[in-house]
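Here is the structure we will look at.
Numbers for residues simply follow the sequence, beginning at 1. Atoms within each ligand, like the ligands themselves, are counted from 1 in listed order.
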Amino acid sequence: MSICYVNGSYEEKNSAMISIQDRGFNFSDGVYEVMSFFGNQVINFEKHIKRLEKSLGGLRIQKPLTNYKSLELILKKLIKLNKLDKGFVYLQITRGSSSRNHLFPKLSKPNVVIFTFTAKLDKKLILNGVKVRLTEDLRWKRCDIKSISLLPNVLEKQNAFEEGMYESWQKRKNLITEGSTSNAFIVNRNGFIQTHPANNFILGGVTRDTLIEIAKKNKIKVIEKAFSSSDLFSSKEAFLTSTTAQILPVVTINEKTIGNGKPGQMTQVLIRMYNELVKCQIHE
Ligand code: PDD
């Protein structure tokens, strides 16, 4: 049995309901977050909340919960009800339900849906690294909003899968923005970590943000500047980050080898540091 949260009540996931007039369903008019948890500790909770507020503000959706302490309590209750010791929480907030009209409804309240899910991280992906392909970035210019409108991401993730690869890295004017489900990094020719700046062309990943903080704390130089395909092919290492994948080494791009074709040393150091930080948060 799996329990989810829908607009204030806890319900069996398979029978929980939301209106067919939900604006998320009709217009993709909503935002979401994916958070990980260990025990009942939600990792990087404050960072996720900060981004959620930014996304809601970007779409002018009113905040459904006046204080985020109550959201934290809901998440902890849901984790307990589902008897999970680790996993992920999916949280979606849409503008609400009303008869279909592009204009914002005057009276509707946001719909809030939260559920937990589990996904095993394949250790082989960390040990051996993953393959990535390059593609054009077909998305809009507010990728910083974590909108539930994900069609280009879905199509490019599927294209990668069908070509036997883990991820598609998107590019605008030959500059890599980010992956279809993750942020993109290289260790450049000078040995510095480089990634696209957190502007409107990428989703400012919580894992990205955390990794940059860890690197800087450990005096590893980070440059937030977009890199080109040629920078990528001449890089020493490449890796990607997301809440669900954490940090994954990237060993080939369009079937071309990066570095020596094995997970890079810097990437492995960062993975260790990231795991340490998560452990610290679990024991907080
Ligand atoms: N996706 N960029 C995109 C386009 C993403 O979809 C994601 C994560 C990230 C990484 O963000 P974070 O580190 O905060 O998870 C970057 C989530 C996991 C998803 O859609 O399932």
For ligand 1, list every N/O pair with the protein closer than 3.5 Å, one pair per line with the distance.
unit_1   : atom_1 : unit_2 : atom_2 : d
ligand 1 : 1 (N)  : Lys146 : NZ     : 3.4
ligand 1 : 2 (N)  : Glu178 : OE1    : 2.6
ligand 1 : 13 (O) : Val206 : N      : 3.4
ligand 1 : 13 (O) : Thr207 : N      : 3.0
ligand 1 : 13 (O) : Thr207 : OG1    : 2.6
ligand 1 : 14 (O) : Arg51  : NH1    : 2.8
ligand 1 : 14 (O) : Arg51  : NH2    : 3.0
ligand 1 : 14 (O) : Val206 : N      : 2.8
ligand 1 : 15 (O) : Thr243 : N      : 2.8
ligand 1 : 15 (O) : Thr243 : OG1    : 2.6
ligand 1 : 20 (O) : Tyr32  : OH     : 2.6

Between side-chain atoms of residues 69-83 and protein atoms elsewhere (two or more places apart, or another chain), which donor-acceptor pairs fall under 3.5 Å?
unit_1 : atom_1 : unit_2 : atom_2 : d
Lys69  : NZ     : Glu72  : OE1    : 3.1
Ser70  : OG     : Asn67  : O      : 2.5
Lys76  : NZ     : Asn40  : O      : 3.1
Asn82  : OD1    : Ile3   : N      : 2.7
Asn82  : ND2    : Ile3   : O      : 2.9
Asn82  : ND2    : Leu78  : O      : 2.8
Asn82  : ND2    : Thr116 : OG1    : 3.4

(message) Using every non-hydrogen atom in the two residues, find where Arg139 and Pro152 come nearest and quote the distance to one decimal.
(response)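 Shortest heavy-atom contact: CG-CB, 3.6 Å.
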(request) Please name all residues satisfying side chain to side chain donor-acceptor pair (under 3.5 Å) with Glu53, sequence neighbours left out, ordered by chain then number. (result)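 With neighbours one apart ignored, the set is Lys63.
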(request) Would you mind reporting whether Thr181 and Glu167 have side-chain heavy atoms less than 4.5 Å apart? (result)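 Sidechains of Thr181 and Glu167: in contact.
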(message) So Leu59 and Val31, do their side chains get closer than 4.5 Å, heavy atoms only?
(response)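 With C-beta onward as the side chain, the pair touches.
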Sequence neighbours excluded and cut-off under 3.5 Å, please list the side-chain donor-acceptor pairs for residues 246-254, or say none.
unit_1 : atom_1 : unit_2 : atom_2 : d
Asn254 : OD1    : Leu134 : N      : 2.9

